[in-house]
Amino acid sequence: QVQLRESGGGSVQAGGSLRLSCVTSGVTPSTFYMGWFRLAPGKGRQGVATMHTNGEITYADSVKGRFAISRDNKNNLFLQMNNLKPDDTAIYFCAAAPSLAQMIRGFETEFWGQGTQVTVSS
């Protein structure tokens, strides 16, 4: 059973940085897609960063050059967020699933965590 728990959110001024963490269990990186998503009022769900099973990493255009996804040897997931902007304000979710479709569609399932709030003030 996949279990995901995010932490590290908070309030920061524009231009600041935060590092989000996701403690995982039941995740096998060689066969699981992993990533970070965010949800902001009026904007819907957005994929922020995706780590594919072959190790390839992709980012949303809006965060390229500012955010970096990584994982450790315990299969925990991280998102380093630099030069934050007010538009980055959202609930951020860690996600992991055996297929890309399951990860993308995994909101309110075991394939997404409960989320951590990030608020960026101007």
Side-chain angles (χ1 to χ4, degrees):
Q1 187 85 333
V2 175
Q3 292 183 312
L4 309 169
R5 179 170 58 84
E6 305 95 334
S7 64
S11 298
V12 65
Q13 291 185 328
S17 298
L18 287 172
R19 186 171 188 255
L20 306 184
S21 299
C22 175
V23 177
T24 76
S25 65
V27 174
T28 304
S30 62
T31 59
F32 270 62
Y33 295 83
M34 306 179 73
W36 289 91
F37 293 77
R38 65 188 181 186
L39 193 158
K43 296 182 179 180
R45 304 165 196 171
Q46 180 184 21
V48 176
T50 300
M51 185 176 293
H52 298 257
T53 55
N54 64 358
E56 181 183 358
I57 297 173
T58 57
Y59 295 94
D61 288 342
S62 60
V63 307
K64 287 180 179 177
R66 300 189 297 118
F67 290 12
I69 188 173
S70 62
R71 68 180 177 219
D72 63 15
N73 58 6
K74 296 182 179 180
N75 300 324
N76 298 316
L77 198 64
F78 304 91
L79 184 69
Q80 179 66 45
M81 305 186 295
N82 298 324
N83 192 23
L84 284 161
K85 304 176 180 180
D87 283 348
D88 294 320
T89 295
I91 303 173
Y92 283 72
F93 298 86
C94 174
S99 74
L100 186 61
Q102 284 175 296
M103 183 177 71
I104 293 172
R105 298 175 185 271
F107 179 58
E108 295 187 325
T109 76
E110 67 180 74
F111 302 129
W112 282 34
Q114 295 298 304
T116 184
Q117 178 70 47
V118 171
T119 302
V120 184
S121 60
S122 60

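Keep in mind that this is a model prediction, so the values were computed, not measured.
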**Student:** Quick one: closest heavy-atom pair of Ser122 and Ala14, and the distance?
**Tutor:** CA-CB, 4.4 Å
**Student:** Any heavy-atom pair between the side chains of Phe78 and Cys22 that's under 4.5 Å?
**Tutor:**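 In short, these two side chains do not touch, never coming nearer than 4.5 Å.
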**Student:** What heavy-atom pair brings Ala49 and Leu79 nearest, and what distance separates the two atoms?
**Tutor:**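 In terms of heavy atoms, the two residues are closest at CB-CD1, 4.4 Å.
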**Student:** Taking atom CD1 of Ile91 and atom CZ of Arg45, what is their separation to the nearest 0.5 Å?
**Tutor:**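 The distance works out to 11.5 Å.
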**Student:** Where do Glu6 and Gly113 come nearest, in terms of heavy atoms and distance?
**Tutor:**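 Minimum heavy-atom separation between Glu6 and Gly113: OE2-CA, 3.2 Å.
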**Student:** Please list all pairs meeting side chain to side chain donor-acceptor pair (under 3.5 Å) that have one or both residues in residues 64-74, counting only residues at least two apart or in different chains.
**Tutor:** Asp61-Lys64, Arg66-Asp88, Asp72-Asn76
**Student:** Give the intermediate values and the outcome of side-chain contact (heavy atoms from CB on, under 4.5 Å) for residues Phe37 and Met103.
**Tutor:** CA-CA 10 Å; Phe37 293 77; Met103 183 177 71; 3.8 Å; yes
**Student:** Is the closest side-chain heavy-atom distance between Thr89 and Gln117 below 4.5 Å?
**Tutor:**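 Yes, side chains in contact.
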**Student:** Would you mind listing every salt bridge (Lys or Arg N to Asp or Glu O under 4.0 Å) that reaches into residues 90-114, with sequence neighbours excluded?
**Tutor:** none
**Student:** Looking only at non-hydrogen atoms, find the nearest pair between Gly26 and Phe32 and report the distance.
**Tutor:** O-CZ, 3.7 Å
**Student:** Suppose the criterion is ring-ring contact (aromatic ring centres under 6.0 Å, His included): which pairs have a residue in residues 85-108, not counting sequence neighbours?
**Tutor:** Phe93-Phe107, Phe93-Trp112, Phe107-Trp112
**Student:** Does some side-chain heavy atom of Asp87 sit less than 4.5 Å from a side-chain heavy atom of Lys43?
**Tutor:** yes
**Student:** Give me the atom names and distance for the closest heavy-atom approach of Ser99 to Tyr33.
**Tutor:** C-CD1, 3.5 Å
**Student:** For residues Phe67 and Val12: do they belong to one hydrophobic cluster (side chain heavy atoms under 4.5 Å, members Ile, Leu, Val, Met, Phe, Trp, Tyr)?
**Tutor:**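 Linked, Phe67 and Val12 end up in one cluster.
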**Student:** When you compare the side chain of Val27 with that of Val2, does any pair of heavy atoms fall below 4.5 Å?
**Tutor:** yes
**Student:** Show me the pairs that pass side chain to side chain donor-acceptor pair (under 3.5 Å) and involve residues 7-23, at least two apart or across chains.
**Tutor:** Ser17-Asn82
**Student:** According to side-chain contact (heavy atoms from CB on, under 4.5 Å), who are the partners of Gln3, at least two apart in sequence or on a separate chain?
**Tutor:**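 Per chain and number, Gln3 pairs via side-chain contact (heavy atoms from CB on, under 4.5 Å) with Ser25.
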**Student:** Could you state the interatomic distance from CZ (Arg38) to CD (Gln46), rounded to the nearest 0.5 Å?
**Tutor:**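 Reported value, rounded in 0.5 Å steps: 4.0 Å.
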**Student:** Give me the atom names and distance for the closest heavy-atom approach of Gly35 to Ile69.
**Tutor:** CA-CD1, 3.9 Å
**Student:** Mind jotting down which residue pairs meet the side chain to side chain donor-acceptor pair (under 3.5 Å) criterion with at least one end in residues 49-60? Sequence neighbours excluded, please.
**Tutor:**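 As it turns out, there is no side chain to side chain donor-acceptor pair (under 3.5 Å) pair with a partner in residues 49-60 once direct neighbours are skipped.
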**Student:** Should Leu39 and Ile104 be counted in the same cluster of Ile, Leu, Val, Met, Phe, Trp and Tyr side chains packed under 4.5 Å apart?
**Tutor:** yes
